[in-house]
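Quick note on labels: first sequence line is chain A, next is B, and so on, each numbered from 1.
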There are 2 protein chains.
Amino acid sequence: MTTGTGRGGRTPTPRGERRRAALIDAAAAVLEDAGFAAVTHRAVAARAALPLAATTYYFASRGDLVTAAVERIGARHREHAHAVLHGLPPAPQPDEIVADVLVSLVAGADEPDPARLLTFYERYAQAGRQPGLRERVGAWTDELVDQTAGVLRHYGLPATEPLPRLLVAMVDGLLLAGLVGADRAALRQVRDDVRQVLGAIRVGPTG
Amino acid sequence: MTTGTGRGGRTPTPRGERRRAALIDAAAAVLEDAGFAAVTHRAVAARAALPLAATTYYFASRGDLVTAAVERIGARHREHAHAVLHGLPPAPQPDEIVADVLVSLVAGADEPDPARLLTFYERYAQAGRQPGLRERVGAWTDELVDQTAGVLRHYGLPATEPLPRLLVAMVDGLLLAGLVGADRAALRQVRDDVRQVLGAIRVGPTG
DNA sequence: TTCCAATTGGGACGACTGTACCACATCGGA
DNA sequence: TCCGATGTGGTACAGTCGTCCCAATTGGAA
């Protein structure tokens, strides 16, 4: 219960924690490679080069394992966001650069990666059916909206609600559409679309 | 091969076709109720009150059954779109009404239904991993963009690309975010957001 | 009516799944 | 040194899955 070790309130060991972390890493890797359905005890154990029983020892159920993997991915996304926000180019920048920043923020990586994005949006569907995940995903989205507002303000663009929220929604929708597009060009197109919208925002008052 | 009956080039019977249709209906119902993973032979057969073997008799594989269910849902979505487009209120309309029309068009129902929308977006994730589905979903999205452009033109709003595409993407993103929101209010909020954007579009030139 | 393809439905198979069990190893503090 | 908590790993079990098989039945054309 204390830290999540399989058995009761035992004291975990550093080595044990390392193994547990390795399992979470493996679960996250499987999740991003092949989706939620592929995150089985056996697949994760094999990926981590650990025996099957390790998964049941460190996680009470498959759901816990999946949740841990989602949080791990979320943490990485958040790290990337912080890196982006700290390395923000100084204020006067053409819309191309601002669009790059925003897309990179939402996509959680410098370059939108189809496999990763697939998991990203599959998570929404999962969250809709699992009450536990719903809150996490909701909070994640809120965070993204706040960060987007910060970027807009930083570049002197209007950032009053609901504009940032609408912008994030649009980028989400565009990335989603880009995923079913034939090639990577559809994903690159997203940046041009966002740039165009930013240009329009500079003129119109509301958005 | 001819019409899709399980066995070779046999001549299907009206009753057989009815049974096949019943299975597709059941598969679509299960799909919208509980998602892709829940569409199993047994679940579909039980839903249709038919023996298990009926599913393997009429469909070569589970994938075929799922694909048929997706197409059935797509057909319903398309019917709804046509109904909306034919019952379009005459040209001068406040943005509230236009927003209603657009959201209803994208959501595929008069009122956005969480369960249905969940399947709607889960489909994107599935399409990303199944080449067969990808084309269908891509075509579906293109159709939606064209219909949206038609509605915009009908109400004297700018409808040059990429505006309709961006609008559809935004509605998709908003509906997605509304799904992980706590209650239905988040989904109703979508219409207000769209209305606001329409107001901005009337002013700004590009979008 | 007769007949044969179309259909039906019950059951079985092997391959997975999550999870539990248990004998063994290991390691840190008394 | 010992000893018990912690960690390890091989295996087993019950359940569900997709798919297949096959005997019985049906219904429309001859």
Item to complete: On the 0 to 90° scale, with breaks at 30° and 60°, tag the B/Tyr124-B/Tyr121 ring pair as parallel, tilted or perpendicular.
Response: parallel
Worksheet item: Whole-Å distance between C/dT7 P and B/Phe59 CZ?
Response: 13 Å
Worksheet item: Between A/His41 and C/dT19, does any side-chain N or O lie under 4.0 Å from OP1 or OP2?
Response: yes
Worksheet entry | Interatomic distance, A/Glu17 CD vs D/dT8 C1' [rounded to whole Å] | 16 Å
Worksheet item: How long is the line joining CG of B/Leu50 and P of C/dG10, in whole Å?
Response: 11 Å
Worksheet item: Any side-chain N or O of B/Tyr57 under 4.0 Å from OP1/OP2 of D/dC20?
Response: no
Practice prompt. Going by the side-chain contact (heavy atoms from CB on, under 4.5 Å) test, name the single residue among B/Ile201, B/Val168, B/Leu157, B/Val145 that passes it with B/Leu163.
Written response: B/Ile201
Discussion item. Check the phosphate of D/dC17 against B/Thr40, side-chain N and O only, distance under 4.0 Å to OP1 or OP2. Yes or no?
Written reply: yes
Discussion item. By the 4.0 Å heavy-atom rule, please label B/Ser61 as base, sugar-phosphate, or nothing.
Written reply: sugar-phosphate
Item to complete: Starting at atom OH of A/Tyr58, determine the distance to atom P of C/dT19, rounded to an integer number of angstrom.
Response: 18 Å
Worksheet item: Does any N or O donor sit under 3.5 Å from an N or O acceptor when you compare the side chain of B/Arg42 with the base of D/dG18?
Response: yes
Fill in: A/Glu143 CD: over 12 foreign heavy atoms closer than 6.0 Å
yes
Worksheet item: Hey, is the side chain of A/Arg19 poking within less than 4.0 Å of OP1 or OP2 on D/dG7, counting only N and O atoms?
Response: no
Discussion item. OP1 or OP2 of C/dT17 versus the side-chain N and O atoms of A/Arg62: is any pair under 4.0 Å?
Written reply: no
Worksheet item: Is B/Leu52 touching bases, backbone alone, or none of the nucleic acid, heavy atoms closer than 4.0 Å?
Response: base
Worksheet, complete the sentence: Between CZ of A/Arg18 and P of D/dG7 the distance, given in whole Å, is 12 Å
Worksheet item: Quick one: side chain to side chain donor-acceptor pair (under 3.5 Å) partners of A/Asp33, sequence neighbours excluded?
Response: A/Arg47
